[in-house]
Amino acid sequence: MELLWEIAGWAGAAAILSAYLAVSMNWIQAGRAFQTANLLGACAFIVNGALHEAWPSVATNVAWFFISGVALLRLRSPRSLAAAPLVEELPVQAPRRPGSTGGLGVVVDVSAGLEQGGATDRVAITTR
C-alpha cells in the first residue's frame, strides 16, 4: 500500500510540473485544464505528505488545493466574472498635436490683469 502512495506523490509532482510547463510555454492557457491538474496534483501531494508526516508540505498543498478549487469554481460560473472585472476600464484621451498642452489652460500673460494699484481677480488664460 505504501508503494501506491509513493506513486501518487510522483504522479502529483508530474501533474503540477506538467501544467506549469504547459502554461509557461504557452501550450495551454491558465484555464480549466491547468487548474484541474493543480487540484489533482495537490491532492496527491497531500496524501503523500501526510504519509511521510511532512506537515509543511501538507499545509502548502492544502492551500494549493483550495486556490485551484476556487479558481475552478470561478471558471464554472460566468456570473462571477461579470461581478469581478479583471480589468478596470479607464477613459482614454485622444492624442493632441505635437507641441500642444493637450487642451489645458496655460497662463500666457499675468500682467494683463494687474492694475497699477494692486492685483485684481482677473488673469488672462488661453489654451494652445
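Start at 1 with the first residue, then count along the sequence. Hydrogens, waters and symmetry mates play no part in the numbers below; they use all other heavy atoms, side chains included.
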Visitor: Say whether Glu6 and His52, considering side chains only, have a donor N or O and an acceptor N or O under 3.5 Å apart.
Guide: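 Side chains of Glu6 and His52: pair found under 3.5 Å.
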Visitor: Give me the atom names and distance for the closest heavy-atom approach of Ala50 to Val58.
Guide: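 For Ala50 versus Val58, the nearest heavy atoms are N-CG2, 3.3 Å.
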Visitor: Without swapping roles, check the side chain of Asn48 against the backbone of Trp5 for a donor-acceptor pair under 3.5 Å.
Guide: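 It does hold such a pair.
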Visitor: Which pair of heavy atoms, one from Ala71 and one from Gln35, lies closest together, and at what distance?
Guide: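 Ala71 and Gln35 have their closest heavy atoms at CB-CD, 3.6 Å.
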Visitor: Establish whether Val47 and Met1 are linked, either directly or via other cluster members, by ILVMFWY side-chain heavy-atom contacts under 4.5 Å.
Guide: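 Per the 4.5 Å side-chain linkage, Val47 and Met1 are co-clustered.
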Visitor: Which atoms form the tightest heavy-atom contact between Asn61 and Ala42, and what is the distance?
Guide: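 Where Asn61 meets Ala42 most closely, the heavy atoms are O-CB, 3.5 Å.
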Visitor: Donor-acceptor pair, Arg32 side chain versus Leu72 backbone, under 3.5 Å?
Guide: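 Not confirmed, Arg32 side chain does not pair with Leu72 backbone.
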Visitor: Of all heavy-atom pairs between Ala44 and Ala8, which one has the smallest distance, and what is that distance?
Guide: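 For Ala44 and Ala8, the tightest heavy-atom pair comes out as CB-O, 3.0 Å.
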Visitor: Looking at CH2 of Trp27 and OG of Ser18, how far apart are the two atoms once the value is rounded to the nearest 0.5 Å?
Guide: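 Reported to 0.5 Å precision, the distance equals 9.0 Å.
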Visitor: Shortest non-hydrogen contact from Ile16 to Trp64?
Guide: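 Of all heavy-atom pairs spanning Ile16 and Trp64, the closest is CG2-CZ2, 4.0 Å.
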Visitor: Is there a continuous path of hydrophobic side-chain contacts, each under 4.5 Å between heavy atoms, that joins Phe66 to Leu39?
Guide: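 Yes, Phe66 and Leu39 fall within the same hydrophobic cluster.
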Visitor: Test of understanding: clusters of I, L, V, M, F, W, Y form through side-chain heavy atoms closer than 4.5 Å, transitively. Do Leu3 and Ile46 belong to the same one?
Guide: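 Leu3 does not cluster with Ile46.
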Visitor: Tell me whether Ile7 shares a hydrophobic cluster with Leu51, the cluster being built from Ile, Leu, Val, Met, Phe, Trp, Tyr side chains joined at under 4.5 Å.
Guide: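 Per the 4.5 Å side-chain linkage, Ile7 and Leu51 are not co-clustered.
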Visitor: What's the spacing between Phe45 CZ and Thr60 OG1 if we round to 0.5 Å?
Guide: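 Reported to 0.5 Å precision, the distance equals 11.0 Å.
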